[in-house]
There are 2 protein chains.
Amino acid sequence: MDTAETVLASRGVRPTPQRVVITEYLLNTKSHPTADQVLEAVANALPVQLSRATVYNTLHTLVEAGVIQEVYTEPGGCARYDANTERHHHFVDTKNGCIYDIPFEAVPSLDKSLDDNYKVSNYTVTFFGEPKQGQPKQES
Amino acid sequence: MDTAETVLASRGVRPTPQRVVITEYLLNTKSHPTADQVLEAVANALPVQLSRATVYNTLHTLVEAGVIQEVYTEPGGCARYDANTERHHHFVDTKNGCIYDIPFEAVPSLDKSLDDNYKVSNYTVTFFGEPKQGQPKQES
DNA sequence: TAACAATCTTAGAGTTAGTCTAAATAGTGT
DNA sequence: ACACTATTTAGACTAACTCTAAGATTGTTA
Ligand SMILES: [Mn+2]
Ligand SMILES: [Mn+2]
Ligand SMILES: [Zn+2]
Ligand SMILES: [Zn+2]
């Protein structure tokens, strides 16, 4: 359970109070929050006013530093932020919008499936539906 | 080679001049245009001013009627419109943004891959990379 | 420890890709 | 022709960002 300060320091990102609270929040949720959800969640953990620009600056800095990933799970939807930086897929609960991580190995690799005609450098898979019994409920 | 009027009539959509030119344009391109590209492409084929609202109204009507599909191919990108309404995947050329249709059968089905824990009603796969020699070049 | 520079944060303006509204126009049935 | 419905239009509005310019904080050097 690495502290946010440790993570930031190890990636060469200066641990300002704003960055620390945002990073702490992201490291401790599986909910794939939006920028607005991050802002709302951490704003009152700081003695100063937290601006939207700082939230976006920080999120971009964290992506750049490899601390988080930016993911898009819904067609036409806004960016969500994910401290799980391993290659993985997503399942979107169509009833309530909850997002579940799907381990990369749970899905057959498609890396070679277009080999005849395309050089695939990356691909994304997003599943939609409903979880069956026994999936750990996720907030949001 | 169905005419736009025929297609609209067969789906019970009244073939106004605006709808006809938009439908014609979409039936004759593989480029997956955005709403703005549709507007720019068809505007001067009409004797009247074509409004942005009409373009969106028409695109939504055509989606509703099953004449086209709305697709999102790039993270954070805007909607694109696709007269190929068969279930298929997309390949995005990362060099120039061109989008190629990938037949559904070209990729192993993932419908059952999460069966243990999830009821998957749909999924999307988008590939990124570069086409190899011999792919028919697509506009845009 | 006092400058000074670089970095970071802020409020608010600007942009993009839409949606919404209310009024004008066109088509339909009688 | 008349009433009624469907469609189109310009432009206001919104959500999700991005940009800017000024102020605050921090690190570096003297
Ligand atoms: Mn971004
Ligand atoms: Mn839409
Ligand atoms: Zn995730
Ligand atoms: Zn397509």
Side-chain angles (χ1 to χ4, degrees), chain A residues 4-5 8-9 11-23 25 32-65 67-82 97 140, chain B residues 4-5 8-9 11-23 25 32-65 67-82 97 140:
Chain A
E5 280 93 344
L8 293 177
R11 310 288 180 125
V13 175
R14 220 201 309 184
T16 67
Q18 290 86 348
R19 287 169 177 174
V20 168
V21 296
I22 290 173
T23 305
Y25 173 64
H32 301 77
T34 65
D36 271 6
Q37 288 170 340
V38 171
L39 176 58
E40 210 205 335
V42 309
N44 59 4
L46 289 166
V48 295
Q49 180 62 31
L50 176 61
S51 95
R52 191 170 305 279
T54 298
V55 173
Y56 281 106
N57 288 345
T58 300
L59 292 170
H60 292 158
T61 299
L62 295 178
V63 168
E64 194 76 10
V67 177
I68 63 173
Q69 269 193 278
E70 189 175 42
V71 304
Y72 290 84
T73 50
E74 278 178 297
C78 67
R80 315 192 71 111
Y81 296 90
D82 188 350
S140 181
Chain B
E5 279 93 344
L8 293 176
R11 311 288 181 125
V13 175
R14 210 203 296 177
T16 67
Q18 290 86 347
R19 288 170 175 174
V20 169
V21 296
I22 290 173
T23 305
Y25 173 64
H32 301 77
T34 65
D36 272 6
Q37 288 170 340
V38 171
L39 176 58
E40 211 206 335
V42 309
N44 58 4
L46 288 166
V48 296
Q49 180 62 30
L50 174 62
S51 96
R52 190 169 307 277
T54 298
V55 173
Y56 281 106
N57 288 346
T58 300
L59 292 170
H60 292 158
T61 299
L62 295 178
V63 169
E64 195 76 10
V67 178
I68 63 173
Q69 267 194 280
E70 188 175 44
V71 305
Y72 290 84
T73 49
E74 279 178 296
C78 65
R80 315 193 71 112
Y81 296 89
D82 189 350
S140 181

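Keep in mind that what you see is a predicted model, and the values were worked out from it rather than measured. Here is how names work: the chains are called A, B, and so on, in the same order as the sequence lines, proteins then strands, and each is numbered from 1.
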Spacing between Arg52(B) atom CZ and dG11(D) atom P, to the nearest angstrom
12 Å

Within the distance-only criterion (no hydrogens, no angle test), does the side chain of Thr54(B) pair as donor or acceptor with the backbone N or O of Leu50(B) below 3.5 angstrom?
no

Taking Glu40(A) for the side chain and Gln37(A) for the main chain, is one N or O donor matched with an acceptor at less than 3.5 Å?
no

Hey, which sits more toward the 5' end of DNA chain C by its nearest nucleotide, Pro17(B) or Cys78(B)?
Cys78(B)

Looking across every strand, which nucleic acid part, if any, lies under 4.0 Å from Thr16(B) by heavy atom: base, sugar-phosphate, or nothing?
sugar-phosphate

In whole angstrom, give the distance that lies between atom OH of Tyr56(B) and atom P of dC13(D).
19 Å

Given atom CD of Glu40(B) and atom P of dA17(C), what is their separation to the nearest angstrom?
13 Å

OP1 or OP2 of dT10(C) under 4.0 Å from side-chain N/O of Gln18(A)
yes

Does dT9(D) have its OP1 or OP2 closer than 4.0 Å to a side-chain nitrogen or oxygen of Thr54(B)?
yes

Figure out the CG/C1' separation between Leu46(A) and dT9(C), and round it to whole Å.
11 Å

Readout for nucleotides 19-25 of chain D: B = base within 4.0 Å of protein heavy atom, S = sugar-phosphate only, - = neither; 5' to 3' it is B------

N/O donor-acceptor pair under 3.5 Å between Arg19(B) side chain and Arg14(B) backbone:
yes

Could you check how far CZ of Arg80(B) sits from P of dG18(C), rounded to whole Å?
10 Å

Taking 4.0 Å as the cut-off, does a side-chain nitrogen or oxygen of His60(B) come that near to OP1 or OP2 on dG18(C)?
no

Can you tell me if Arg19(B) touches the phosphate of dT7(D), counting only side-chain N or O atoms and a distance under 4.0 Å to OP1 or OP2?
yes

Regarding the side chain of Leu50(B), the nearest nucleotide among dT9(D), dA10(D), dT10(C) is dT9(D)

In whole angstroms, the gap separating C1' of dT9(D) from CG of Leu39(B) amounts to 13 Å

Heavy-atom side-chain contact between Leu59(A) and Glu70(A) under 4.5 Å
no

Within the structure shown, what part of the strands sits under 4.0 Å from Ala35(B) by heavy-atom distance: base, sugar-phosphate, or nothing?
nothing

Please walk me through it: do Glu64(A) and Val13(A) pass side-chain contact (heavy atoms from CB on, under 4.5 Å)?
CA-CA 10 Å; Glu64(A) 194 76 10; Val13(A) 175; over 6 Å; no

Heavy-atom check, side chain of Asp36(A) versus side chain of Arg52(A), under 4.5 Å:
yes

I want to check something: taking the side chain as every heavy atom from C-beta on, are Thr73(B) and His32(B) in contact at a cut-off of under 4.5 Å?
no

Taking the side chain of Gln49(B) as heavy atoms from C-beta outward, which of dC17(D), dA16(D), dA10(D) is closest to it?
dA10(D)

To the nearest Å, how far apart are Leu8(B) CG and dT7(D) P?
11 Å

Round to a whole Å and report the spacing from CG of Leu62(A) to C1' of dT9(C).
15 Å

